[in-house]
Amino acid sequence: MTIYSPSEIEPKWQAVWADAETFRAVRSDDKPKYYVLEMFPYPSGNLHIGHVRNYTMGDVIARYKLATGHNVLHPMGWDAFGMPAENAAMASGGHPKDWTYANIAHMKSQMQPLGLSLDWTREFATCDPEYYGQQQALFIDFLEKGLIYRKKAVVNWDPVDMTVLANEQVIDGKGWRSGADVEKRELVQWFFKISDYSEELLAALDALDDWPAKVKLMQSNWIGMSRGIEIRFERTDGDDPIICYSTRPDTMRGASFIAVAPDHPVATTLVADNPNLAAFVDECRKMDTTEAAMEKAEKKGIDTGIRVKHPVYAEQELPVWIGNFVLMDYGTGAVFGCPAHDQRDLDFARKYDLPVRNAFYMPGEEVEVSTEALVPSKTEPVVFIDHFAGIKDVTSQEAIDATIDYFEAKGLGKGQTQFRLRDWGLSRQRYWGCPIPIVHCDDCGAVPETKENLPIRLPDDVSFDIPGNPLDRHPTWRDCACPKCGKAAKRETDTMDTFVDSSWYFARFTAPHAATPTDIEDAAYWMNVDQYIGGIEHAILHLLYSRFFARAMRMTGHLPQGTEEPFNALFTQGMVTHEIYKTTGDDGRPVYHFPSDVINGTLADGTKVDIIPSAKMSKSKKNVVDPDDILEKYGADTARWFVLSDSPPERDVEWTASGAEAAHKHLARVYRIAQDVMSSEGGDPIEDVNLMRAMHKTILDATNGVESFGFNATIAKLYGFTAVLAKSKASRSAKQEATRTLAQLMSPMTPHLSEEIWSLLGGEGLIANAPWPVADETMLVEDTVTLPVQINGKRKSEIEVPADAAKDAVEAQAMADETVRKHLDGATPKKVIVVPGRIVNIVI
RNA sequence: GCCCGCGUGGUGGAAUGGUAGACACAGGAGACUUAAAAUCUCCAGGCAGAAAUGCCGUGCCGGUUCGAGUCCGGCCGCGGGUACCA
């Protein structure tokens, strides 16, 4: 008997797979292709247990598809640009490039022992000039087709560090490093015209049958289509009218003020000679830019003194306010406030003593709104008060439609479909990203680079001893010739948002070494990704941007015509979470500690840490657990088996170390069983049949389980079958077959152990290439079934009936059951419900 | 704030609207062993009971249904996203 030793088994089979190029993906027409992809990692330094979970799931699918006769593409790469590399460089004096590539090397060394069925020949990092150069080519093509444009946009500015801050770097309105009050700055930036695709991105969600409904719903809400109206409000001073956008024009009667965004032209004009307004607008500018902060902030405003006429009730004048809650980016940057039917407007009206007037009542409740706005659903009937279009008892939706018609007919406004989705600003004032291939020429303006000059490489000789973008202060890198006129010009020093890098990497994997962004034949063969797997935290941005890119790349000829969506099926795995440990630093700000540094709630020096409840593992909160310990102690198969076994893949899981031991014991047990089989004796024909029945049932369960991402339930079934096999008195040949099948069913999860058992039991070739077992349905037919019998919905007894028994016969047998008779105590049931093969319920 | 999820024993979790707690961890009892480890067998939601059994039980309140962990409405708690974290 050989002891189960993963440290011997695992490297051995990994070498065999590598020599045989088992997982090398080559185009071929004799098998259907299958492209499985896990969201590629950011090389933060260490692989963490969430990565292991993610890649193991993908690997199960990839290996299963290989076994079911597919030509599988399963690549891996690195999402390598991003802020942490610059932060590391600033903190420890290194270079982002060195830090990143060192992390990649380390993480790859952690990943390789996992035995993933990856085609490593396709590996790339997004910070490779070969990759980002092609991304620059895409930028130039997108620009040419009008998919990219420039406009002014606001950024967080740290006046002490003299640098742009990410939202994450703004804590309570202060710069995370300097502690200075963050200001806003307007910069001219590049934008993707994703809004051109709002309607298509929304409509196409319907056809994504293999995406989780929740993700489609989130995307749909994010795109946020709404039907509304632009209404013209004439100013009493005769100046240009103010156009308001509203999705609730049915509430027009209750309009009592107009609110414009602080950066609305009306406000901007007034600010010049009104210090009060200027001070207010200035205060608004200091607000946090995030949507969450804006929405949660106290709603404030200031009266501009301007008055407009109500478009219907011309005798009414409405004051025009500047409101800190109005967004210039959405609609027209101006809204009318109707306090009676909007809680925010009501709070605002009470605060500033503005009138509150109902546009409608609920039927039978003719009361004016006081402290709570009356906001019925659009489909509830309400009673309108002398509505100008002459409607009365209708739903809000009907009133909205009627109002829009009325306004359009009178020339007071026009119906407008509005999307919440904003254009995607891609400019970043940072070094460690893909340089935007634009040259600024005094004569020609912003000119795209010629493709022959790509890649525009990042210079290596930069320093991070002071904050800010080193490209800005590089002595020579910016200097270049204008691609158009040849005159001396300056490069753009902004780089691209790292979301750009991850919006097309899946297409690049189909031809990672092509001299153009994609090879159209390779893309036509391998695209779309058949199964994409990644964290739910990417439900909106990354997935939406990738969907946009697929369309933009099709339009620019980089993906074949007919490519609509990049990802046919999506599975969103839950996150691995862990408690966060925190102390307070000398400067009063929080200091986080790795779990491995915390023992029983204290640090090595005895300092007590505060424990913050579990959250997504993230480097900034230092609650990351890496898999090295488990890999070293138990091997890859145990780690893989364990991360799949204990929780449903779509659910978040709190990391605990216990349990890995049990997984390891189980694998050792299977290995022992496999060895015992060869020396087992005798056999009983009935035992053979029983074992084969159990085997075919398990094949069915495991196949369905893998197909539906029910990995944890699949593993439970495999535990069950292992127990049956261990106790079986069947013949050696039957046990041999059962054990080989068990090894196959386990092989997507525990590929090394399965290969070992396969070869031990005389399997042909590699288990990785062996055809997936097929359940023999005739073995699964049962003669009798056990049915629970309920009385008034509570289980009281059970009966054994023939599988094909008629309802009457089942009912008769249930009524004859002794326990049932005892409970009925002579009573006649009101009703007996028989669900064949399921249950009997007797209602008394 | 808004959008989207999730909530089941001591723990991770299972359960096409049909026997709640499969499978596993931790725990308990036993077998083997001089002993331990390893392995194997059994027990195990709560309360009451010697047991048979009874009652209660899937975050809380209510509803639909013969039947609800599952569907609907309203809460509470936690998590993700919220456009420059990736």
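Here is how names work: the chains are called A, B, and so on, in the same order as the sequence lines, proteins then strands, and each is numbered from 1. Computed from a predicted structure; not experimentally measured.
- The side chain of A:Glu295 sits closest to B:G1 out of B:A86, B:G1, B:U19.
- Taking the six-membered ring wherever Trp is involved, the centroid distance between the rings of A:Phe325 and A:Phe348 falls below 6.0 Å.
- Between A:Tyr132 and A:Phe81, the ring-plane angle classifies as tilted under the 30° and 60° cut-offs.
- Among the atoms of the strands shown, only primed sugar atoms or phosphate atoms (P, OP1, OP2) are found under 4.0 Å from some heavy atom of A:Gly82.
- A sub-4.0 Å separation between OP1 or OP2 of B:G54 and a side-chain N or O of A:His823 is present.
- A:Val843 comes within contact range of the sugar-phosphate backbone alone, with a heavy-atom separation under 4.0 Å but no base atom that close.
- Residue A:Lys727 is in sugar-phosphate contact alone, with no base atom involved, counting any heavy-atom pair closer than 4.0 Å across all strands shown.
- When the P atom is used for both B:A38 and B:C25, the distance is 13 Å, rounded to whole Å.
- Taking atom CD1 on A:Ile715 and atom C1' on B:C23, their separation rounds to 10 Å, with Å as the unit.
- Using a cut-off of 4.0 Å between Lys/Arg side-chain N and Asp/Glu carboxylate O, A:Arg672 and A:Asp676 are scored as not salt-bridged.
- Listed nucleotides B:A20, B:U41, B:G5 differ in distance to A:Arg795; the shortest reach to its side chain belongs to B:A20.
- For the pair A:Arg838 CZ and B:A15 C1', the computed distance is 10 Å after rounding to whole Å.
- At the heavy-atom level, A:Arg672 lies under 4.0 Å from the strands shown only through sugar-phosphate atoms.
- In terms of polar N and O atoms assigned as donor or acceptor, the side chain of A:Arg420 never comes within less than 3.5 Å of the base of B:U82 in a complementary pairing.
- For A:Ile536 and B:C78, the CD1 to P distance is 20 Å, given to the nearest whole Å.
- Distance check on atom P: B:G12 versus B:G79 gives 16 Å, rounded to whole Å.
- Base engagement by A:Ala292 is indicated by at least one non-hydrogen atom pair under 4.0 Å involving a base atom.
- Looking at A:Glu650, its side chain has no donor and acceptor atom pair within 3.5 Å of the base of B:C6.
- A salt bridge is absent between A:Arg422 and A:Glu291: the closest approach of a Lys/Arg side-chain nitrogen to an acidic carboxylate oxygen does not fall below 4.0 angstrom.
- Remark: A:Arg428 is in phosphate contact with B:C84, judged by side-chain N or O atoms under 4.0 Å from OP1 or OP2.
- Contacts of A:Ser427 with the nucleic acid, taken as non-hydrogen atoms under 4.0 Å apart, include base atoms.
- Residue A:Asn156 places its side chain closer to B:C84 than to any other of B:G1, B:G81, B:C84.
- A:Tyr505 and A:Tyr131 have their aromatic ring centers separated by at least 6.0 angstrom.
- Here the side chain of A:Lys831 is nearest to one of B:C66, B:G81, B:G1, namely B:C66.
- For the pair A:Ser427 (side chain) and A:Trp190 (backbone), a donor-acceptor distance under 3.5 Å is present.
- Tested against A:Arg428, the residues A:Thr495, A:Asp497, A:Thr498 include a single side-chain hydrogen bond (donor to acceptor under 3.5 Å, both in side chains) partner, A:Asp497.
- Within 4.0 Å of A:Lys665, counting heavy atoms only, lie sugar-phosphate atoms of the nucleic acid but no base atom.
- Contact annotation: side chain of A:Gln169 to base of B:C85, donor-acceptor pair absent below 3.5 Å.
- Comparing B:C40, B:G18, B:A86 by their closest approach to the side chain of A:Arg669 singles out B:C40.
- A:Asn712 comes within 4.0 angstrom of sugar-phosphate atoms only, judged by non-hydrogen atoms across all strands, and of no base.
- Here the C1' atom of nucleotide B:U82 and the CG atom of A:Leu421 are 13 Å apart, to the nearest Å.
- Remark: B:G21 base-pairs with no nucleotide; criterion is Watson-Crick or G-U wobble with both hydrogen-bond distances under 3.5 Å.
- Across the C1' atoms, B:G28 and B:G10 are found 13 Å apart, a figure rounded to whole Å.
- Distance noted for atom C1' between B:A26 and B:C76: 30 Å (whole Å).
- If you check every strand for non-hydrogen atoms under 4.0 Å, A:His542 touches nothing.
- Taking the six-membered ring where the residue is Trp, A:His542 and A:His538 present perpendicular rings, their angle passing 60° and hence far from 30°.
- Comparing the C1' positions of B:U70 and B:U65 gives a spacing of 13 Å, expressed to the nearest Å.
- Residue A:Val840 is classed as having no contact, given no heavy-atom separation below 4.0 Å to the nucleic acid.
- Here A:Lys794 lies in heavy-atom contact (under 4.0 Å) with sugar-phosphate atoms only.
- Base-pair partner of B:U65: not found among the strands shown (Watson-Crick or G-U wobble, both distances under 3.5 Å).
- Nucleotides B:U34 and B:C23 have their P atoms positioned 34 Å apart, rounded to a whole Å.
- The CZ atom of A:Phe642 sits 15 Å away from the P atom of B:A24 (whole-angstrom rounding).
- Taking atom P on both B:C61 and B:C66, the two are 23 Å apart, rounded to the nearest angstrom.
- Residue A:Lys151 places its NZ atom among more than 12 non-hydrogen atoms of other residues, nucleotides or ligands, all under 6.0 Å distant.
- Taking the O4'-C1'-N9-C4 or O4'-C1'-N1-C2 dihedral as appropriate, B:G9 has a value within 90° of 0 and is therefore syn.
- Side-chain proximity of A:Pro788 to the nucleotides B:G13, B:U19, B:G18 is greatest for B:U19.
- At a threshold of 4.0 angstrom between heavy atoms, the contacts of A:Pro648 are confined to the sugar-phosphate backbone, with no base atom among them.
- Side-chain proximity of A:Tyr719 to the nucleotides B:G80, B:A24, B:A86 is greatest for B:A24.
- Residue A:Lys214 is in sugar-phosphate contact alone, with no base atom involved, counting any heavy-atom pair closer than 4.0 Å across all strands shown.
- The side chain of A:Arg651 sits closest to B:A14 out of B:C4, B:G80, B:A14.
- Nucleic acid contact class of A:Gln189 (heavy atoms, under 4.0 Å, all strands): base.
- Note that CZ of A:Arg177 is 11.0 Å distant from CD1 of A:Ile171, once rounded to the nearest 0.5 Å.
- With distances taken from any side-chain atom of A:Gln429 to the nucleotides B:A86, B:A83, B:C84, the minimum falls on B:C84.
- Rounded to a whole Å, the CD atom of A:Glu168 is 10 Å from the P atom of B:U82.
- A donor-acceptor contact under 3.5 Å links the side chain of A:Asn841 to the base of B:C66.
- The separation between A:Glu537 atom CD and B:A86 atom P is 13 Å, rounded to whole Å.
- Following rounding to the nearest Å, A:Arg53 (CZ) and B:G13 (C1') show an atom-to-atom distance of 12 Å.
- Checked against B:G13, B:A86, B:C23, the side chain of A:Ala716 finds its nearest nucleotide in B:C23.
- Comparing B:G13 with B:U8, their C1' atoms sit 9 Å apart, to the nearest whole Å.
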